[in-house]
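Working notes, beginning with the structure itself.
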There are 2 protein chains.
Amino acid sequence: MKEITAEIKKSLHTFVNRFIKTDDELFNTILGNFEYYNTARKELLLEAGKVADKVFFLPEGFVRFFHIKENGIEVTSDFYFAPGFITSFTSLIEQKPSIVNIQAMVKMDILFIKYKNLIALYDQEHKIERLGRLLAEQVFISSEKHLFSFLNDLPQERYEWLIREYPEYIKNIPLHYLASYLGITPESLSRIRNRT
Amino acid sequence: MKEITAEIKKSLHTFVNRFIKTDDELFNTILGNFEYYNTARKELLLEAGKVADKVFFLPEGFVRFFHIKENGIEVTSDFYFAPGFITSFTSLIEQKPSIVNIQAMVKMDILFIKYKNLIALYDQEHKIERLGRLLAEQVFISSEKHLFSFLNDLPQERYEWLIREYPEYIKNIPLHYLASYLGITPESLSRIRNRT
DNA sequence: TTAATTTCTTAACTTAAGTCAAGGATTTTA
DNA sequence: TAAAATCCTTGACTTAAGTTAAGAAATTAA
């Protein structure tokens with residue numbers, strides 16, 4: 001079982017301090033609640049049907065959210081790049097089975113905190129509750145952007161929006177995942193790209 | 001200038017206590033920060049281009065979120081029914097000009113709290129910070145549902161999802177607003193409804 | 001480094017939604 | 001309550017995306 005490196009600690013510290021200022025005591029309280037984990041590429045950090053009982057922190061790498069529709073089609077709903085906290089918020093908040101799978105896109109060293117420890121931290125420290133509020137606000141904003149791309153734009157324009165808003169997606173993510181993120185088939189995305 | 005009635009106080013109390021338990025002192029602290037306002041039907045509670053500086057509480061009635069695209073087409077992005085807190089979260093959180101307009105759909109008596117007072121309450125009371133976190137989580141969940149309807153379903157299925165998930169929409173909301181909420185034209189919605 | 005798998009593209013055809021236009025029904029408001 | 005505005009539907013036509021199928025290219029893993 002590998003240790004939490006100084007580099008990983010620093011990444012967590014920097015990220016948390018974007019939202020709240022932590023003195024040593026508070027940061028050590030937070031850090032003390034996290035455990036280390038090493039994922040394989042393509043490993044599921046959360047499986048659809050199970051209740052989310054952890055929040056992950058990614059100091060590196062990125063993950064994909066996806067689910068399988070009744071007709072068997074796989075839908076990619078989101079990507080998160082490091083650094084950041086990752087979980088199925090809906091499953092975690094409601095403590096109900098998750099709709100989505102969360103999949104590691106690359107092999108990576110990550111941290112996680114258990115749900116019950118997070119809740120205890122919320123009770124214990126006003127500042128951590130604030131961190132929770134600010135993070136919830138951020139995931140809302142990012143979800144709303146994705147939603148607005150559907151309300152405002154045709155598939156072709158959604159693709160243009162995507163490369164404008166998230167240029168790193170194009171470099172790192174297989175196109176058929178991007179297609180379903182955009183709500184279109186891989187064939188359509190291929191045609192859209194070749195009619196510029 | 002009309003007063004805040006006992007009925008409105010009760011509505012706020014009941015709603016807040018779904019999320020946090022408030023003793024008299026805490027509830028009076030919250031209530032003391034709200035002011036009364038009476039809207040006309042179709043009045044804009046927030047105009048696109050202005051920074052959101054209030055959060056509204058609706059004890060009754062409902063509102064519509066909409067914006068105008070560059071091509072002049074109006075898009076309805078959301079509806080909120082009473083009871084609940086209403087604002088452009090994105091504009092409020094980032095303190096940037098709002099994309100959306102918020103429009104009263106009926107004449108109603110409402111409350112509002114100013115942004116700076118809300119921030120002060122967050123600092124002052126851990127429990128209110130928690131309320132903020134829980135509300136942010138709820139708006140995320142509701143935005144994600146709307147998003148998933150686009151990722152999972154064709155327009156026809158999205159309409160069926162809407163009447164299943166939000167039957168009250170059909171009874172209260174003009175169809176051309178629902179059409180743009182579903183990302184389709186009024187003509188298409190009309191055809192979808194007439195091919196059951 | 002080769003075999004297996006995954007990823008991406010192209011083509012032919014189908015279908016559902018968009019566009020443009022018009023008119024009737026309903027609701028609002030003066 | 002009558003005029004105005006809004007709301008909803010229908011029809012004819014266009015267009016963009018879906019479907020099915022096949023194969024080439026690239027990547028992964030044995």
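To find a chain, count down the sequence lines: A is the first, B the second, and so on, and within it residues start at 1.
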Glu144(B) and Thr90(A) side chains, donor-acceptor separation under 3.5 Å
yes
Between [N] ([atom2]) and [X] ([atom1]): distance, integer Å:
X	N	atom1	atom2	result
Leu189(A)	dT7(C)	CG	C1'	12 Å
Phe150(B)	dA17(D)	CZ	C1'	16 Å
Glu187(B)	dT10(D)	CD	C1'	10 Å
Ile192(B)	dT10(D)	CD1	C1'	15 Å
Asp153(B)	dG18(D)	CG	C1'	15 Å
Tyr159(B)	dA17(C)	OH	P	14 Å
Glu157(A)	dG18(C)	CD	P	13 Å
Arg191(A)	dG18(D)	CZ	P	8 Å

[Y] side chain reached by [X] side chain, heavy atoms, under 4.5 Å:
X	Y	answer
Phe89(B)	Ile141(A)	no
Phe15(B)	Leu12(B)	no
Ile170(A)	Arg193(A)	yes

Does dG18(D) have its OP1 or OP2 closer than 4.0 Å to a side-chain nitrogen or oxygen of Thr185(A)?
yes
Between the CZ atom in Phe148(A) and the OG atom in Ser143(A), the distance rounded to the nearest 0.5 Å is 10.0 Å
Under the 3.5 angstrom rule, does the side chain of Glu60(A) hit a backbone N or O of Ile110(A) as a donor-acceptor pair?
no
Please write out the pairs of protein N or O atoms and N or O atoms of nucleotides 6-8 of chain D separated by less than 3.5 Å, giving the distance to one decimal.
{"from": "dC7(D)", "atom 1": "OP2", "to": "His176(B)", "atom 2": "NE2", "distance (Å)": "3.0"}
{"from": "dC8(D)", "atom 1": "OP1", "to": "Leu175(B)", "atom 2": "N", "distance (Å)": "3.3"}
{"from": "dC8(D)", "atom 1": "OP2", "to": "Leu175(B)", "atom 2": "N", "distance (Å)": "2.7"}
{"from": "dC8(D)", "atom 1": "OP2", "to": "His176(B)", "atom 2": "N", "distance (Å)": "3.2"}
{"from": "dC8(D)", "atom 1": "OP2", "to": "His176(B)", "atom 2": "ND1", "distance (Å)": "3.3"}

